[in-house]
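Read the structure below first, then the notes.
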Amino acid sequence: FRTLDDVDVKGKRVLLRVDLNVPMENGRVTDATRLERVAPTITEISDKGGKVILLAHFGRPKGRDAKDSLKPVAEALSKVVKKPVAFADDCIGEPAAKAVAALGDGDILCLENTRFHKEEEKNDPAFVAELAKLGDIWVSDAFSAAHRAHASTEGLGHKLPAYAGRTMQAELDALEKALGSPTKPVIAIIGGAKVSTKIDLLENLVTKVDALVIGGGMANTFLHAQGVGVGKSLAEKDLAPTALRIMEKAEAANCAIILPVDATVAYHFAANAPSHAYGLDAIPADGMILDVGPQSIARVHAAIDDAATLVWNGPLGAFEMQPFDRGTVSAAKHAAERTKAKKLISIAGGGDTVAALNQAHVAGDFSYVSTAGGAFLEWMEGKPLPGVEVLRTK
Ligand code: 3PG
């Protein structure tokens with residue numbers, strides 16, 4: 001790809017696609033991680049005298065909707081980059097054109113939510129042309145939206161000279177180290193509630209990694225498929241054949257599947273519900289598996305010790321409720337220790353995963369934590385991401 005090293009941005013109008021889809025409550029940004037990640041690219045272009053024109057979506061509005069305005073996000077971003085960020089209340093037409101015309105070298109402007117126009121998600125050529133009028137080049141720094149073939153995430157890349165921003169570069173570097181050309185052996189830890197959302201991901205991973213730890217609610221489906229009684233645990237029993245197929249595929253590909261060997265069981269789904277560890281042959285019929293058990297945790301630690309590269313998506317238990325965060329937190333801390341000791345390259349991503357690592361206070365100790373949710377999953381599924389592919393061809 002071409003990057004910011006390949007273009008002189010001074011005096012240029014730079015359409016910079018960023019991901020400003022941050023969590024908000026009552027008009028306030030509650031987690032600024034994504035803003036912090038794009039800040040270096042914004043600052044670099046601004047410091048080099050480029051005119052920064054930010055393009056982003058927010059939420060999933062059907063047409064213009066005040067509650068999905070990017071205005072409060074632009075204000076929060078201004079605090080993060082420590083520079084003024086102007087705002088235009090439309091991303092095309094007169095308001096956008098005027099605001100762009102008013103920019104001096106190094107100024108920063110944020111345009112209103114691209115999804116206020118339905119043509120954005122349709123990647124409509126006329127809409128792409130309207131956006132393209134506002135810039136001289138297009139820089140994409142939104143890896144986390146790169147699974148969308150939308151006008152601002154993909155279409156513009158065909159219309160203007162296209163470059164990868166610094167966050168996009170960092171994400172792609174990290175992902176290449178995880179599954180592209182990793183240091184072996186590679187272990188993947190995949191958790192989360194449901195197998196149904198991760199079938200493609202598991203099928204792809206078993207052909208790429210040396211060991212695959214399956215945890216969370218989805219492990220129950222695998223245990224059930226192997227004839228283990230899982231009581232009242234969450235399990236997608238109709239997916240038992242799928243689970244068995246994945247296990248066969250893993251065996252053929254020489255990928256070791258590491259399932260729980262014991263479980264932490266409670267009788268209701270609530271924080272601090274009384275719980276007990278059971279072996280797999282003794283899960284009570286009226287119990288619910290809410291976390292992996294102590295022996296399983298020890299196995300996961302040992303598996304991490306055997307690996308040189310770790311890629312992690314999804315918690316191992318109901319980590320949002322104590323004490324059922326124990327498996328996830330313990331494995332995360334162990335991976336963080338190995339990373340600090342330079343024995344492991346650790347890469348994590350996906351919505352709940354980042355929350356879980358933050359809860360374990362180890363996100364900063366991982367080699368790389370992606371801010372991408374859906375894009376990280378699609379990448380793990382081995383699917384080409386349109387917003388990345390368009391950069392590749394340029
Ligand atoms: C995200 O929050 O994962 C990205 O911004 C993509 O958002 P979307 O799923 O609404 O397209």
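Counting starts at 1 for both ligands and their atoms, in listed order. We number each residue from 1, following the sequence as shown. Just the heavy atoms: all of them, side chains too, but no hydrogens, waters or symmetry mates, feed the values below.
- Screening Arg13, Lys10, Lys12 against Asp136 for a salt bridge (Lys or Arg N to Asp or Glu O under 4.0 Å) leaves a single residue, Arg13.
- Tyr368 carries Arg37 over the face of its six-membered ring, with the cationic atom under 6.0 Å from the centre and within 45° of the normal.
- Contact check for Met218 versus Leu202: side-chain heavy atoms found under the 4.5 Å cut-off.
- Of all protein heavy atoms, the one closest to atom 9 (O) of ligand 1 is Arg60 NH2, 2.6 Å.
- Protein heavy atom in closest approach to atom 6 (C) of ligand 1: His57 NE2, 3.7 Å.
- Not a single heavy atom of His150 sits less than 4.0 Å from an atom of ligand 1.
- A heavy-atom distance below 4.5 Å is not found between the side chains of Arg34 and Val18.
- A salt bridge does not link Lys79 to Glu75: none of the charged nitrogens lies less than 4.0 Å from a carboxylate oxygen.
- Contact between Arg115 and ligand 1 is present, with at least one heavy atom of the residue lying under 4.0 Å from the ligand.
- Side chains of Leu16 and Val52 form a contact here, defined as non-hydrogen atoms less than 4.5 Å apart.
- Atom 3 (O) of ligand 1 has its closest protein heavy atom at Arg34 NH2, 3.5 Å.
- The nearest protein atom to atom 11 (O) of ligand 1, hydrogens excluded, is given as Arg148 NE, 2.6 Å; this is a heavy-atom distance.
- Heavy-atom contacts of Asp19 reach the following atoms of ligand 1: 4 (C), 5 (O) (cutoff under 4.0 Å).
- Residue Asn21 has at least one nitrogen or oxygen atom sitting less than 3.5 Å from a nitrogen or oxygen atom of ligand 1, judged on distance alone.
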